[in-house]
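Sending over a structure as structure tokens; questions will come in a sec.
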Amino acid sequence: MEIMGTRVKNAVLLLFIMGIGFCPPLMEGKEIAEVNVQQLRKLASKYNVTSLLVFGDSSVDPGNNNVLSTNVKSNFPPYGKDFFNARPTGRFCDGRLATDFIAEAMGFGETVPAFLDRTLKPIDLLHGVSFASASSGYDDLTANLSKVLSLPKQLEYFMHYKIHLSRLVGYDKAENIIRNAIVVLSMGTNDFLENYFLEPQRRKQFSLDQYQNFLVSSMSHNVEVMHRLGIRRLVVVGVPPLGCMPVVRTITNQITTCSTSFNRAAYAFNAKIKLKLAAMEAHLGLLTSFVDAYAIVQDAVDNPTAYGLRETAKGCCGTGLVEFGETCKGSTTCSDPQSYVFWDAVHPSQNMYKILAAKAIQSVAQDILS
């Protein structure tokens, strides 16, 4: 996601003029449930889970943007501070992403590789890859604004993946791997923060409610394409509480509290995604699971000590108020990122991703592996 100062302020003013209401009540604080890795792997074996395939934005991009002609990158310090060998990989985080922890819990390795990683070997395709691209969204315009991979383009690369996989193991086995893969789709944030609330084009075309419907329709269309390509087990991650991001708090001058207007937009969109997902499950015969990132992150912000966290309003990079991506490059960082909800002014810390992964695994076990 790329946000420019004065244009963001104008977008914020517009948002308040539009009169978005207050957020609904949030779930109360709960202790993090520990992932029983042995039990999970038994379930994965029982239901023949073959791999983890990932589509989305910076929340799940392990470095595909590194090879694109875009300035939306994070393959430089201090990103990767807590990754293996303190290596920046293109993940918008101090360490690993939620999908990395999910893959590890399922026994597929410690990370999910980027499909466009030039060091990727054919054998690496067997247990899954990520096609995600930071700054992408359900709206193709969102990706085009930052010259990154739209969701249809990610699906095009998925078709290339299928060809490579077939050459490696044969057509029938490749189709079986895809049919039994867990597929994660995580995007939507940039559609609001980088596109609708920042650029005039979509606001001229749609009210906020209409734009949410447009995004849901786009998501539905792309999921139908996934289904035609053999995908049968889909996990959709909801949009987090946008108003709790440090950069949004900063531009709305609400450092001590989350912006209810931005959160309301996210909450309403998630409700529509959940309804559409249930309808598609019945219509297409998909097995689906919705990961409520909104509730998880909001609960961590409201009840940090229950999750072993401390800092909820600032990121670990730089001042923690505005830096992310290029503006985080070379910045000093906090001494204990594991106690922060956010790594930079937009993206969660590795520890927060670990919490999200544990909740996602619970959802997958309940909705897909049961």
Side-chain angles (χ1 to χ4, degrees), residues 40-57 60-64 97-109 111-117 120-133 136 138 149-187 218-237 277 280-291 360-361 363-365 367-370:
L40 176 67
R41 291 182 183 179
K42 283 182 179 178
L43 279 174
S45 176
K46 178 181 178 181
Y47 290 94
N48 193 29
V49 177
T50 52
S51 64
L52 189 67
L53 300 172
V54 184
F55 301 86
D57 58 18
V60 288
D61 178 4
N64 284 308
L97 306 173
T99 39
D100 294 318
F101 290 115
I102 293 169
E104 182 178 37
M106 288 186 168
F108 296 147
T111 62
V112 179
F115 182 67
L116 298 185
D117 183 346
L120 199 67
K121 299 178 180 64
I123 196 71
D124 297 328
L125 301 177
L126 282 176
H127 293 307
V129 292
S130 175
F131 306 93
S133 180
S136 190
Y138 290 116
L149 305 179
S150 65
L151 185 49
K153 187 65 178 178
Q154 293 178 34
L155 287 168
E156 185 179 319
Y157 278 118
F158 172 60
M159 287 186 272
H160 287 290
Y161 163 82
K162 288 187 67 173
I163 293 169
H164 289 298
L165 191 63
S166 292
R167 288 173 180 167
L168 183 66
V169 300
Y171 177 83
D172 290 341
K173 189 169 182 180
E175 288 297 310
N176 181 70
I177 289 172
I178 291 162
R179 186 169 57 252
N180 289 294
I182 298 290
V183 177
V184 176
L185 175 59
S186 177
M187 55 172 46
S218 175
M219 185 273 289
S220 176
H221 169 73
N222 283 290
V223 168
E224 288 177 359
V225 174
M226 289 180 180
H227 183 265
R228 288 199 296 273
L229 292 172
I231 288 169
R232 294 295 181 269
R233 296 166 168 176
L234 178 65
V235 179
V236 175
V237 182
L277 199 59
M280 286 190 296
E281 182 172 32
H283 173 63
L284 297 175
L286 284 167
L287 287 173
T288 69
S289 180
F290 180 80
V291 177
I361 287 167
S363 296
V364 170
D367 301 331
I368 293 178
L369 305 181
S370 64

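Keep in mind that this is a model prediction, so the values were computed, not measured.
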Can you measure from OG (Ser136) to CZ (Phe55) and round to the nearest 0.5 angstrom?
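So the gap between those two atoms works out to 11.5 Å.
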
Close side-chain approach of Leu52 to His127, heavy-atom, < 4.5 Å
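Result no, sub-4.5 Å side-chain heavy-atom pair not found.
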
Going from NE2 on His221 to CG on Leu151, what distance comes out if it is rounded to the nearest 0.5 angstrom?
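One finds 9.0 Å between NE2 of His221 and CG of Leu151.
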
Is there side-chain contact between His227 and Arg232, with at least one heavy-atom pair below 4.5 Å?
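His227 reaches Arg232 side chain to side chain.
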
Within this structure, what is the OG-CG distance for the pair Ser51 and Leu125, rounded to the nearest 0.5 Å?
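One finds 10.0 Å between OG of Ser51 and CG of Leu125.
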
Can you check whether Asn222 reaches Leu185 side chain to side chain, under 4.5 Å on heavy atoms?
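Contact flag for Asn222/Leu185 side chains = no.
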
Residue pair Asn180 / Thr50, side-chain donor-acceptor N/O under 3.5 Å
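Checked: Asn180/Thr50 side chains show no N/O donor-acceptor pair below 3.5 Å.
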
Within the side chain of Lys162, is there an N or O that forms a donor-acceptor pair under 3.5 Å with the backbone of Tyr157?
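Here the side-chain-to-backbone pair does not exist.
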
Taking every non-hydrogen atom, the tightest pair across Leu43 and Ala365
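Shortest heavy-atom separation between Leu43 and Ala365 comes out as CD1-CB, 4.1 Å.
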
Rounded distance (nearest 0.5 Å) linking atom CG of Leu277 with atom CG of Leu234
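It is 6.0 Å, given to the nearest 0.5 Å.
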
Would a 4.5 Å heavy-atom cut-off, applied to side chains only, mark Val129 and Val54 as touching?
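No; the side chains remain at least 4.5 Å from each other.
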
For the atom pair OG (Ser150) and CE (Met187), what is the distance rounded to the nearest 0.5 Å?
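It comes to 8.5 Å.
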
Which atom of Pro113 lies closest to which atom of Leu120, heavy atoms considered:
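Reported closest heavy-atom pair: CB-CD1, 3.6 Å.
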
Student check: side-chain heavy atoms of Leu116 and Leu149 closer than 4.5 Å
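In contact.
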
Contact check, side chains of Ile182 and Met106, non-hydrogen atoms, under 4.5 Å:
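Yes, close enough: below the 4.5 Å cut-off.
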
For Ile231 and Val183, which heavy atoms make the closest approach, and how far apart are they?
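Between these two residues, the closest heavy atoms are CG2-CG2, 3.6 Å.
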
Could you tell me which non-hydrogen atom of Ala174 sits nearest to which non-hydrogen atom of Val169, and how far apart they are?
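Heavy-atom minimum between the residues: N-CG2, 3.6 Å.
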
List the atom of Phe131, the atom of Gln154, and the distance in Å for their closest heavy-atom pair.
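Here Phe131 and Gln154 meet closest at O-CG, 3.1 Å.
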
Straight-line distance of His160 NE2 to Leu155 CG, nearest 0.5 Å
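Interatomic distance, His160 NE2 to Leu155 CG, rounded to 0.5 Å: 11.5 Å.
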
Whether the side chain of Asn64 engages the backbone of Ser133 through a donor-acceptor N/O pair (distance < 3.5 Å, no angle test) should be reported.
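The answer is no, because no donor-acceptor pair under 3.5 Å joins these two groups.
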
side-chain contact (heavy atoms from CB on, under 4.5 Å) between Met219 and Val223, worked out:
CA-CA 6 Å; Met219 185 273 289; Val223 168; 3.7 Å; yes

Option among Leu53, Asp367, Val49, Leu286 that satisfies the side chain to side chain contact (heavy atoms under 4.5 Å, CB included) test with Arg233:
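Only match with Arg233 under side chain to side chain contact (heavy atoms under 4.5 Å, CB included): Val49.
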
Do Ser218 side-chain atoms and Tyr138 backbone N/O form a donor-acceptor pair below 3.5 Å?
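Indeed, once roles are kept as given, a pair shorter than 3.5 Å links the two residues.
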
Does the side chain of Leu40 come within less than 4.5 Å of Ile361's, by heavy atoms?
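Of all side-chain heavy-atom pairs linking Leu40 with Ile361, at least one is under 4.5 Å.
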
For Asn176 and Asp172, which I'm curious about, is there any donor-acceptor pair between the side chains at under 3.5 Å?
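Asp172 and Asn176 do not have a side-chain donor-acceptor pair below 3.5 Å.
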
Stepwise side-chain contact (heavy atoms from CB on, under 4.5 Å) check, Val364 with Leu369
CA-CA 6 Å; Val364 170; Leu369 305 181; 4.1 Å; yes

Which heavy-atom pair separates Leu284 from Glu224 by the least distance, and what is that distance?
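Closest heavy-atom pair between Leu284 and Glu224: CD1-CG, 4.1 Å.
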
Between Leu168 and Leu126, is any pair of side-chain heavy atoms under 4.5 Å apart?
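Yes. Closest side-chain heavy atoms under 4.5 Å.
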
Are Phe158 and Phe115 close enough that their ring centres sit under 6.0 Å apart?
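They do not qualify: ring centres at least 6.0 Å apart.
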
Taking the cut-offs as 6.0 angstrom to the six-membered ring centre and 45 degrees off its axis, would you call Lys173 and Tyr171 a cation-pi pair?
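The answer is no, since Lys173 fails at least one limit relative to Tyr171.
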
